[in-house]
**Student:** 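Provided herewith is a single structure, encoded as structure tokens, for subsequent inquiry.
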Amino acid sequence: MDPSRTAATAALYNVALQVAFRGITFGVNAYVLRCTTAEILGTVNVRLTLLYSTILFLSREAVRKAVLSGSQQSWLTLRDFVSISFSTGLLWTSAISFVWAVLLQQPDVANYRAAVVVFGVSALVELATEPFWLLTQTHMLPRLKVVAESVALIVRSLVVVVGLEIFPGLEAFCLAQLLYAGTMLAAYAVLIVRQARQKTAALPCSTWRDFLPSSLGCFLLSGHPLALRTRYREFARQSLLKQFLTEGERYFMTFFNELSLAEQGIFDVVSNLGALPARMLFMPVEESYFTFFATLLRTADSPKAGDGTSESKETGEVSASNREVAATTLTGLLRAAVAVGLVMAVFGQTYAWLALHLYGGTLLSGGSGPALLQALAVYLLLLAVNGISELFAVATSSISNLQTSNKLMVVFSIVFLAVAVLLTPTLGSMGLVIANIVNMLCRIIRSCWLTAQYFAKYPTASPHPLRALLPSLPLTISLLFAYFVTSLTAAPLQATPTLSTMIVHVAVGAVALVGTLVTVVLLDKELVAALRAIWQRRAAPKTE
């Protein structure tokens, strides 16, 4: 099977999952805004959600990257290796829950410590799904992942909506999170075992017992192949830094207490609304294409024996055709990321106030909310570019480059923290957005430098992929015109927010957006050709 088609299909399913996930969450949050207090929002959306995501990320991210980018191993070896996620999850859950429940300043919200325990247990339940996740990745079963996680999401959303009518505090969110993890585990087990018994695909399992580790020694790192252990250690160090950089503003709010819980809740709602397009589009694409690049270029950078500076993934060299495919694919992804990011950045300036007003009323559209969302729209452009450039840089990095990147991540973390500490006392939550923008620029520079190094070492006949970072002239002109037109209707809307002014503003924006898309399709031949090459590639690249 053509790996580029496989990656595109997986990305499509992941986008569908994210659309469902974010769409349902979007609706539930709109309901929650009207049924609870800003303090509860801050506690759940910042404190408890950060606890949950930190446990999951630190426990499984390095394991996932190691099994997807490491040397070829058997299914049983990889299945046993992902058991490390659960054992390290136990350690992280104990340590992080203690910090959240004892060491941090306690919010004035009932049952907070019990909620910490419930969210920690829920994270462990979700970590138990890792063997199932591994099968969906190694055997290209994205549909099963979409169905399992969508069912779990629907259950959680229904429990939140119904639970808030019965329990106005944290209880509804705790029950919903626990049922979310349990439903995901059950759905994965039922769906995969059912497919295995139908024999529609050659799967190395037939019962749920086939997903259990071979022995208790599998929960220890020392019981696994050296290649996986080495790769895991490097990704584990990088994961610590990446998690801080990704969730830096929430860690800052949690540990420094510069913003009240109510302010944290509002900031989280606005930032989540601003990040909705990125999480629906960019994240699933990044997940799928990291696997694509890591597989396609697996034999790159073969080291000399014993040099210890890079990692041999397979014996031999990557074929020139594979590098050509990688170059054209990366070019298309970067062009798409720049185009989508610019559209969101431009339209975000003139539609921030309306989006917040419709979503949460004057609670969000008043004060600094619109300016915050406008800044986040610019941040989304950088987020889109960094996601694509960084996934390629990581997928093709040697051990020595990963080690250097880890050290630079420390520097980026210090820069982020310094900017946040300097600006937040005077600019409030806007200081966190600016700190994130500075951090993202640093990461983009690093990943682009690694990409430039790679293609300098392995040049291709295609144009250099980093040229795709420059937007085309048709796209630039059409977006400037769209900004000018939509600005004319945005001003009267904010002055007199009536139904008629809203309809006019939305209609003008729709026409401007369609005009931009038509202009790109007709005049931006390079972008259209690059995307068509990704989606409709006919010749499967050889991985010699």
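Residues: numbered from 1 along the sequence shown. Predicted model only: the values in this text are computed from it and were never measured.
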**Student:** Under the criterion side-chain contact (heavy atoms from CB on, under 4.5 Å), which of Asp268, Leu41, Leu51 is the partner of Val46?
**Tutor:** Asp268
**Student:** Out of curiosity, Leu50 CG to Ile55 CD1, how far, rounded to the nearest 0.5 Å?
**Tutor:**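 If we round to the nearest 0.5 Å, Leu50:CG and Ile55:CD1 are 10.0 Å apart.
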**Student:** Determine the minimum heavy-atom distance between Ala435 and Ala420, stating which atoms define it.
**Tutor:** CB-N, 3.8 Å
**Student:** Determine yes or no for a side-chain-to-main-chain donor-acceptor pair under 3.5 angstrom, with Thr501 supplying the side chain and Pro497 the backbone.
**Tutor:**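 No: the side chain of Thr501 does not pair with the backbone of Pro497.
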**Student:** Can you see which heavy atom on Val346 is nearest to which on Leu479, and at what distance?
**Tutor:** CG1-O, 3.6 Å
**Student:** For Leu422, give me all partners under side-chain contact (heavy atoms from CB on, under 4.5 Å), at least two apart in sequence or on another chain.
**Tutor:**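 If we apply the side-chain contact (heavy atoms from CB on, under 4.5 Å) test to Leu422, skipping adjacent residues, there are no hits.
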**Student:** Consider side-chain contact (heavy atoms from CB on, under 4.5 Å). Of Val415, Val419, Val421, which one does Leu417 pass it with?
**Tutor:**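 That would be Val421; it is the only one of Val415, Val419, Val421 passing the side-chain contact (heavy atoms from CB on, under 4.5 Å) with Leu417.
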**Student:** Listed by chain and number, what are the side-chain hydrogen bond (donor to acceptor under 3.5 Å, both in side chains) partners of Gln349, not counting sequence neighbours?
**Tutor:**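 Applying side-chain hydrogen bond (donor to acceptor under 3.5 Å, both in side chains) to Gln349 gives none.
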**Student:** Closest approach of Ala172 and Phe167, non-hydrogen atoms and distance?
**Tutor:** CB-O, 3.9 Å
**Student:** Evaluate Thr496 against Thr498 for side-chain hydrogen bond (donor to acceptor under 3.5 Å, both in side chains), listing each step before the verdict.
**Tutor:** CA-CA 6 Å; Thr496 310; Thr498 62; over 6 Å; no
**Student:** With a 3.5 Å distance limit and no angle check, can you tell me whether Tyr351 reaches the backbone of His505 through a side-chain donor-acceptor pair?
**Tutor:** yes
**Student:** Inspect the contact between Arg446 and Glu390 and indicate whether a charged nitrogen and a carboxylate oxygen are less than 4.0 angstrom apart.
**Tutor:**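 Looking at Glu390 and Arg446, the cut-off is not met.
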**Student:** Taking all atoms of both residues into account, what is the closest heavy-atom pair of Arg47 and Gln105, and its distance?
**Tutor:** NH2-O, 2.8 Å
**Student:** Which heavy atom of Val378 sits nearest to which heavy atom of Ala345, and what is that distance?
**Tutor:**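 For Val378 versus Ala345, the nearest heavy atoms are CA-CB, 4.2 Å.
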**Student:** Please work out whether the ring planes of Phe132 and Tyr188 are parallel, tilted or perpendicular, with thresholds of 30° and 60°.
**Tutor:**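 Parallel: the ring planes of Phe132 and Tyr188 meet at under 30°.
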**Student:** List the residues meeting salt bridge (Lys or Arg N to Asp or Glu O under 4.0 Å) with Glu126, not counting sequence neighbours, and say none if there are none.
**Tutor:**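 In terms of salt bridge (Lys or Arg N to Asp or Glu O under 4.0 Å), with neighbours along the sequence ignored, Glu126 is linked to Arg60.
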